[in-house]
Amino acid sequence: MNAEELAQRLSMRGETTAKLLKTLELHGFVERSRFADRFQPGRIAGTLSEKFLSDSPLHGIARPVLKALADRHHATTALAVTHDRKALFLLVCNGLKRSTPPPLRAGSACPLAETAAGHALLLTARAELEAEDLESEHGSLDMERLEASFRHFREHGCFRLELPMNELLRLGAPLQLNNTVMAVEIVLPRESAPQGLARDLLASVEIIQRKCADAGLVYLEDA
């Protein structure tokens, strides 16, 4: 959001919001995004996100599985949940020999249409694409990507997103817990994507789901 949008959301004066943003930015809780005059969670917020998740049994189950998947394919893996119509990344693991800068970090959030995890979160519950609703919300270009990703899901069990501008391949799969749907994503250069990548992703998701089910794990306790 930009400062004006934040002020409206919080019912605060613009001056007060701007001062608070400046202070939060100074201490690393927010940072300016790649869009002019917009803000996103900063590195300290990411650290707090990881601390929150590390206190949950989910961290102990998911992290070693995602780290092994990242190491195996020299990639970045992540765990995401829907928050405020975006994919919020709670856990990110980088492979030891990852060949590209990390495209994700814990605490960051991306529009659902711009990540494979977001596709999984957006489309898992749908038997078919509701074209008019999705196109009005995400635009025609995103709709084309969503349709292609959904076809890949129906054929291979995971969502697929390729963004030509950064030459990355992103695969995402839904992760079902007792009280929520999350998503696992793997990101790596397109040219280095091996055969069996989708199979390994789905196998990792199955391991996490099985261990969570055995432990009776939920994402968040109901208030």
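Since the model is a prediction, treat every value here as computed from it, not as a measurement.
- With rounding to the nearest 0.5 Å, the separation of NZ in Lys86 from OG1 in Thr115 is 11.5 Å.
- Judged as a side chain to side chain donor-acceptor pair (under 3.5 Å), and not counting sequence neighbours, the contacts of Arg13 are Glu15.
- Hydrophobic clustering, defined by side-chain heavy atoms of Ile, Leu, Val, Met, Phe, Trp and Tyr closer than 4.5 Å, groups Leu20 together with Leu10, Met12.
- A 4.5 Å side-chain heavy-atom check between Leu79 and Met182 finds at least one atom pair inside the cut-off.
- Scored by the side-chain contact (heavy atoms from CB on, under 4.5 Å) test, Leu96 finds Lys67, Asp71 as partners (sequence neighbours excluded).
- Checking side-chain atoms of Thr77 against main-chain N and O of Leu66 turns up a donor-acceptor pair under 3.5 Å.
- In terms of heavy-atom proximity, His27 sits nearest to Ile44 at O-CG1, 3.2 Å.
- Using a 4.5 Å cut-off on side-chain heavy atoms (C-beta onward), Phe39 and Arg32 make contact.
- Residues Leu197 and Leu188 form a side-chain contact, since some pair of their non-hydrogen atoms from C-beta on lies under 4.5 Å apart.
- Considering all non-hydrogen atoms of both residues, Val92 and Arg63 come closest at O-NH1, 4.2 Å.
- Remark: Glu206 pairs with no residue by the salt bridge (charged side-chain N to carboxylate O under 4.0 Å, His left out) rule, at least two apart or across chains.
- The CG atom of Asn94 sits 4.0 Å away from atom OG1 of Thr76, with the distance rounded to the nearest 0.5 Å.
- When the salt bridge (charged side-chain N to carboxylate O under 4.0 Å, His left out) test is applied to Lys22, no partner is found at least two apart in sequence or on another chain.
- Contacts of His152 classified as side chain to side chain donor-acceptor pair (under 3.5 Å), with partners at least two apart in sequence or in another chain: none.
- Leu21 CG to Asp37 CG: the interatomic distance, rounded to the nearest 0.5 Å, is 11.0 Å.
- Between Ala87 and Ala80, the shortest heavy-atom contact is CB-CB, 4.5 Å.
- Side-chain N or O atoms of Glu185 include none that pairs as donor or acceptor with a backbone N or O of Ala78 at under 3.5 Å.
- The distance from atom OG1 of Thr16 to atom CG of Leu6, rounded to the nearest 0.5 Å, is 13.0 Å.
- Cluster membership for Phe89 and Leu168, using ILVMFWY side-chain heavy atoms within less than 4.5 angstrom, is shared.
- In this structure, the side chain of Ser149 engages the main chain of Arg160 through a donor-acceptor pair within 3.5 Å.
- Every residue two or more places apart in sequence or in another chain that forms a side-chain contact (heavy atoms from CB on, under 4.5 Å) with Pro111 is listed here: Glu114.
- In this structure Ala198 satisfies the side-chain contact (heavy atoms from CB on, under 4.5 Å) test together with Cys158, Leu171, sequence neighbours excluded.
- Here the shortest heavy-atom pairing between Val181 and Pro174 reads CG1-CB, 4.3 Å.
- Note: Ile186 CD1 to Arg170 CZ = 11.5 Å, rounded to the nearest 0.5 Å.
- Between the NE2 atom of His73 and the CG atom of Leu201 there is a distance of 8.5 Å, given to the nearest 0.5 Å.
- No single ILVMFWY cluster, assembled from side-chain heavy atoms under 4.5 Å apart, contains both Phe153 and Leu202.
- The side-chain contact (heavy atoms from CB on, under 4.5 Å) check on Val65 picks up Ser204, Ile207, Ile208, with sequence neighbours excluded.
- Here the shortest heavy-atom pairing between Leu121 and Val81 reads CD1-C, 3.8 Å.
- Judged as a side chain to side chain donor-acceptor pair (under 3.5 Å), and not counting sequence neighbours, the contacts of Glu5 are Arg38.
- Contact between Ala120 and Ala183 at its shortest, heavy atoms only, is CB-CB, 4.0 Å.
- Side-chain contact between Ser108 and Gln40: absent, with no pair of heavy atoms (C-beta onward) separated by less than 4.5 Å.
- Under the 4.5 Å side-chain heavy-atom criterion for Ile, Leu, Val, Met, Phe, Trp and Tyr, Val184 and Leu177 are members of the same hydrophobic cluster.
- Listed by chain and residue number, nothing satisfies the side chain to side chain donor-acceptor pair (under 3.5 Å) test with Glu4 (two or more places apart in sequence, or in another chain).
- Under the 30°/60° scheme for interplanar angles, the aromatic rings of Phe159 and His119 are found to stand perpendicular.
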